[in-house]
Amino acid sequence: MGPIGVFDSGYGGLTVLADIRASLPQYDYLYLGDNARAPYGTRSFDVVYDYTLEAVQELFDRGCSLVILACNTASAKALRTIQQNDLPQIAPNKRVLGVIRPSAEVLGSLTKSKHVGILATEGTVKSNSYVLELEKFSPEVTIHQQSCPMWVPIIENNRHDSEAGKLFIQEDVKSLLEKDPAIDTILLGCTHYPLVKSYLESILPNHISVISQGKIVAESLSDYLIRHPEMEMECSKNGSLQFLTSENTHVFNEKASVFYNGPVDAVHIKW
Ligand code: DGL
C-alpha cells in the first residue's frame, strides 16, 4: 500500500489536492510539483510528455499505485500516451488519471444554454482535448476555448489583484465571450485559475457560472475508488500529506501555502 500521488507542473495542482483531501481525508497523499521546469503550458507536446512520465515514475518509485495528473496541460499532452503505451510496460498494475475527462463528463449537465467556454493554457487549448472529450459525453454542447498565456505568470507573481493583472484577465474573458455570446458556463481549465474565480464572477454577468475543477475531480476520484476496490486497497489510509518539489524548498513552501491554503513543508527532489 502507498499514498495517492498528485502531480502538477508546479503550484496549481495544490488547488485540486485541497479539494481531493477535503472530500477524501482518510488517504495518504504525496504531492509532486515540478516547479523547476514549470510552466508546462507553453512547452511542446514531447517535452510535457517526457517531464510528466518522469514525474509519474518518481511517484511510482515512492510507492504510489494511483497517480492523479492534477495539471490540465499534462493531462492534455501526456496522459493518453502514458495510459496506453507506458503503463502496460512499466507498471501494468498501476493507474494514472487526469483532470480533463472528469470535467468534460459533467460540463454538459451544468449548462442550460448548451454553450460552454474553456479558459486554459495555450498547450491545453491547442491539444483540443476538451473539445474531443466533451464531444464524447455531450455532443449537443457547443464549446469555445480561449488561451490565457499571461494568467499563470500573473497569478504566480501575485499580480492578479493589480490593475495590470485585471486588464489581462478582462481581455481574455472578453475574447472568449465574443466568440460565443450564448456561453452560460465557463470552466477554469487550468489549475491556477481558481485563484481568480471570485474576480471573474465579479466581472461576468450573473447568468454565467464559473466552474473550477477541484470538487469535480475529487468526486470523480471518490467514484473511481468505489468502482475499483482493487486499486482502493492499494491506497494507504493514515491521513498523511507530503510534498515534493524540484525547486528550492523555501521558494516552494512560501508560494505553495497560498495555493494550498495551509502550511507546506516540502522535500527537494533532484531529477
Ligand atoms: N498546471 C498547469 C495547468 O493546469 C498550469 C501551469 C503550467 O503552465 O505549468 O495547465
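Whatever order the structure lists them in is the order used to number ligands and atoms, beginning at 1. Starting from 1, each residue takes its place in the sequence as its number.
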statement: Residues at least two apart in sequence or cross-chain that pass salt bridge (Lys or Arg N to Asp or Glu O under 4.0 Å) with R80, listed by chain then number, are E133

message: Checking D223 now: which residues fulfil salt bridge (Lys or Arg N to Asp or Glu O under 4.0 Å) with it, not counting sequence neighbours?
response: R227

Please set out all donor-acceptor pairs under 3.5 angstrom arising from side-chain atoms of residues 175-182, sequence neighbours excluded.
{"unit_1": "S175", "atom_1": "OG", "unit_2": "E171", "atom_2": "O", "d": "3.0"}
{"unit_1": "K179", "atom_1": "NZ", "unit_2": "Q145", "atom_2": "O", "d": "2.6"}
{"unit_1": "K179", "atom_1": "NZ", "unit_2": "Q146", "atom_2": "OE1", "d": "2.7"}
{"unit_1": "D180", "atom_1": "OD1", "unit_2": "H115", "atom_2": "ND1", "d": "3.4"}
{"unit_1": "D180", "atom_1": "OD1", "unit_2": "A182", "atom_2": "N", "d": "2.9"}
{"unit_1": "D180", "atom_1": "OD2", "unit_2": "H115", "atom_2": "ND1", "d": "2.6"}
{"unit_1": "D180", "atom_1": "OD2", "unit_2": "H144", "atom_2": "ND1", "d": "3.4"}

message: For Y40 and D8, which I'm curious about, is there any donor-acceptor pair between the side chains at under 3.5 Å?
response: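 No, no side-chain donor-acceptor pair sits under 3.5 Å.
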
- request: Mind listing the closest non-hydrogen atom pair of F252 and A266 along with its distance?
  value: CD2-CB, 3.5 Å

message: Show me, by chain and number, every protein residue that has a heavy-atom distance under 4.0 Å to ligand 1.
response: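 These residues qualify: D8, S9, P39, Y40, G41, C71, N72, T73, T121, V152, C190, T191, H192.
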
task: Could you tell me whether Y260 and F243 have their ring centroids closer than 6.0 angstrom?
output: yes

